[in-house]
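Reviewing the structure listed below.
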Amino acid sequence: MSSTTSLPRRVRIGYGSGSVATGAFGTVPGLMLLPYLTDSLGIAAIWAGVIVFLPKAWDVVLNPVAGRISDRTTDPRGPRRPWLLRAGIGLAVAFALIFAGPDAGSRVAQAAWVLVFFLAAATAYAFFQVPYVAMPAELTASYDERTRLMTWRVAILAFTIMLAGATAPVIRNQVGGRDGYRAMGVVMAVVILVGVVAVYRGTRDAPVGTVEPGTGSLREQLRIVAGAQDFRWLLTTYVLQALATGAMLAGVDYLATDVLESEAASTILFVCFVGPALLLTPVWARVGERVGKKRGYQVASLVLAAGATLAVLSAVAGSAVAFVATALVGVGYAGCQVFPLAMLPDAAAVDARRTGSNRAGVYTGVWTAGETLGLALGPGVYAVVLALGGYVSSTSGGVDQPGSAVVAIVLGFSLLPAALTLLSLRWLRRYSLDAQTVDSAFEDTARG
């Protein structure tokens, strides 16, 4: 592992540019796929939720495998970078095909098309995302440098979410109908490809880790990772918050169309969400340097929960309150990305320093599996809330929804994610790694 304490800015930016790919794929399906299935293909909400969930559930199984494979990859470019290019190109192609299905005249056939290509995209994403998230533990041994590295990553992620989340509905609405979704899919695939090429080229001069891969079977290594308490507390916190975020993403289009009664509101909601995140990410990084990552994460989580709670007034108070609440969520969301993503490589690096075995890929495989599960369950849970509220699916949209469905849309967007975020703090409180603990682990290894 590199002992470099400060990385060149070009490496920070180069690494962060991978968030263009992860941000686009993480945002657009969560925002657009459920409405595409219910309001364009006419799939019942409960079955649409199943289609959105299944490929992500597959990733939960696949991600630790992808991590172990990348741990054991031998390549002059480093163990992670070749996977960024290989899997990233496949991800872009599969993403475009998700929304490119022909008018088959059969809802079953059209649903099957979406499921197959979403599954293909999820598979490619696993082999891109896991090596990508594993890299910070090997790029630097510095506790604070990882926070600075994550600052660039989250800032670019926030920009990508704003770009993809704001423009995807616009492209769909401007073109219209099924062709609108097809055009949107192609444009977003190009955005993903730009991120893939940028991170591959941008990390070509990055330090390459030298710690040997862990020995033993995947099951044995997973058992060791599962026994790392701090990692387990952090992962539980992050999964619950990913579930909350996934539910909010899934609800944006429904809130805009059926509650605020404006298709344009979905774009405004995304700008309100990502604008503060884009501006305040460096501020959260400085907060972390002052009070520590854990304390900063707790504060950010409370801000996010407060914004989500305020959003419950959207149905009665109108668009202005919805936009303000979403902006407050965005402020908290920025910190809820910076801190856990900077804390994860601490846990992986401490393990590697203590044991001499690099399980960063397995750690991040389990991490991204948990994140994927949370983001997949979010739309799935939101779909269940819609179904319980009596949401009416259609092939053309514009259906007047019953009052119970409107209530379900609002609650799924507000109080549900707020409750999940507050619940997650129960586990975050138990996390114990701090700067002193991490530095001590490195000093102990050096003396040994």
Side-chain angles (χ1 to χ4, degrees), residues 21 23-45 47-56 91-122 124-125 160-194 246 249-258 262-270 375-376 378-380 382-383 386 391-399:
F25 184 71
T27 300
V28 177
L31 175 67
M32 305 295 290
L33 191 53
L34 196 60
Y36 174 62
L37 291 166
T38 60
D39 296 346
S40 185
L41 301 186
I43 307 298
W47 291 112
V50 171
I51 292 170
V52 171
F53 173 73
L54 285 179
K56 297 292 188 176
L91 172 62
V93 173
F95 183 89
L97 291 172
I98 293 172
F99 298 96
D103 298 321
S106 166
R107 291 182 183 178
V108 173
Q110 293 178 117
W113 176 285
V114 173
L115 181 59
V116 167
F117 286 106
F118 194 24
L119 181 63
Y125 185 67
T160 304
I161 291 174
M162 182 168 65
L163 175 66
T167 59
V170 171
I171 295 170
R172 176 198 61 187
N173 296 338
Q174 287 295 317
V175 177
R178 293 281 298 277
D179 287 340
Y181 279 104
R182 293 185 182 108
M184 179 273 298
V186 171
V187 172
M188 292 301 123
V190 172
V191 172
I192 290 172
L193 190 60
V194 167
L249 279 174
V252 166
D253 208 51
Y254 296 100
L255 185 72
T257 303
D258 297 308
S262 169
E263 289 185 346
S266 61
T267 297
I268 299 174
L269 285 168
F270 252 89
L375 289 174
Y382 194 86
L386 290 182
Y391 186 85
V392 180
S393 298
S394 69
T395 57
S396 58
V399 175

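Nothing here was measured: the structure is a model prediction, and the numbers come from that model. Index from 1, following the sequence.
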Exercise. Begin with the C-alpha distance, continue with both residues' side-chain angles, and end with the deciding distance and a verdict on side-chain contact (heavy atoms from CB on, under 4.5 Å) for Y36 and R178.
Key: CA-CA 9 Å; Y36 174 62; R178 293 281 298 277; 3.6 Å; yes
Self-check item: Side chains of V191 and V28 in contact at under 4.5 Å (non-hydrogen atoms)
Solution: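 The answer is no, as the side chains (C-beta and beyond) never meet within the 4.5 Å cut-off.
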Practice problem: Show the numbers, then the answer: is there a side-chain contact (heavy atoms from CB on, under 4.5 Å) between I43 and T38? | Solution: CA-CA 5 Å; I43 307 298; T38 60; 5.6 Å; no
Measure the spacing between [atom1] of [X] and [atom2] of [Y] and express it to the nearest 0.5 Å.
| X | Y | atom1 | atom2 | value |
| --- | --- | --- | --- | --- |
| L193 | F95 | CG | CZ | 13.0 Å |
| D103 | Q110 | CG | CD | 6.5 Å |
| F53 | F118 | CZ | CZ | 11.5 Å |
| M162 | T27 | CE | OG1 | 12.0 Å |
| I161 | L249 | CD1 | CG | 7.5 Å |
| W113 | L41 | CH2 | CG | 12.0 Å |

Mind checking side chain to side chain contact (heavy atoms under 4.5 Å, CB included) for [X] and listing every partner two or more places apart, or none if nothing turns up?
| X | value |
| --- | --- |
| A112 | none |
| S266 | P169, V252, D253, A256 |
| V170 | Q174, T267 |

Search all heavy atoms of [X] against all heavy atoms of [Y] and return the closest pair with its distance.
| X | Y | answer |
| --- | --- | --- |
| A183 | V175 | CB-CG2, 4.1 Å |
| A96 | A189 | CB-CB, 3.8 Å |
| A164 | A24 | CB-CA, 4.3 Å |
| F99 | G185 | CD1-CA, 4.2 Å |
| P379 | A250 | CA-CB, 3.8 Å |
| P35 | Y181 | C-OH, 3.9 Å |

Self-check item: G42 backbone acceptor or donor facing R107 side chain under 3.5 Å
Solution: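 Yes; judged by distance alone, with no hydrogens or angles, the pair exists.
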Practice problem: Say whether, by atom type as modelled, one donor and one acceptor occur between the side chain of R182 and the main chain of G177 under 3.5 angstrom. | Solution: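 Here the side-chain-to-backbone pair does not exist.
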Quiz prompt | Any side-chain donor near an acceptor of the partner, Y391 and D39, under 3.5 Å | solution =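 The answer is yes; a qualifying pair exists.
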Quiz item: Are T167 and V187 close enough, and set up right, to give a side-chain contact (heavy atoms from CB on, under 4.5 Å), and what steps lead you there?
Solution: CA-CA 10 Å; T167 59; V187 172; 5.9 Å; no
Exercise. Report the C-alpha distance between Y254 and L34 in whole Å, list the side-chain angles of each, state the deciding distance to 0.1 Å, and finish with yes or no for side-chain contact (heavy atoms from CB on, under 4.5 Å).
Key: CA-CA 10 Å; Y254 296 100; L34 196 60; 3.5 Å; yes
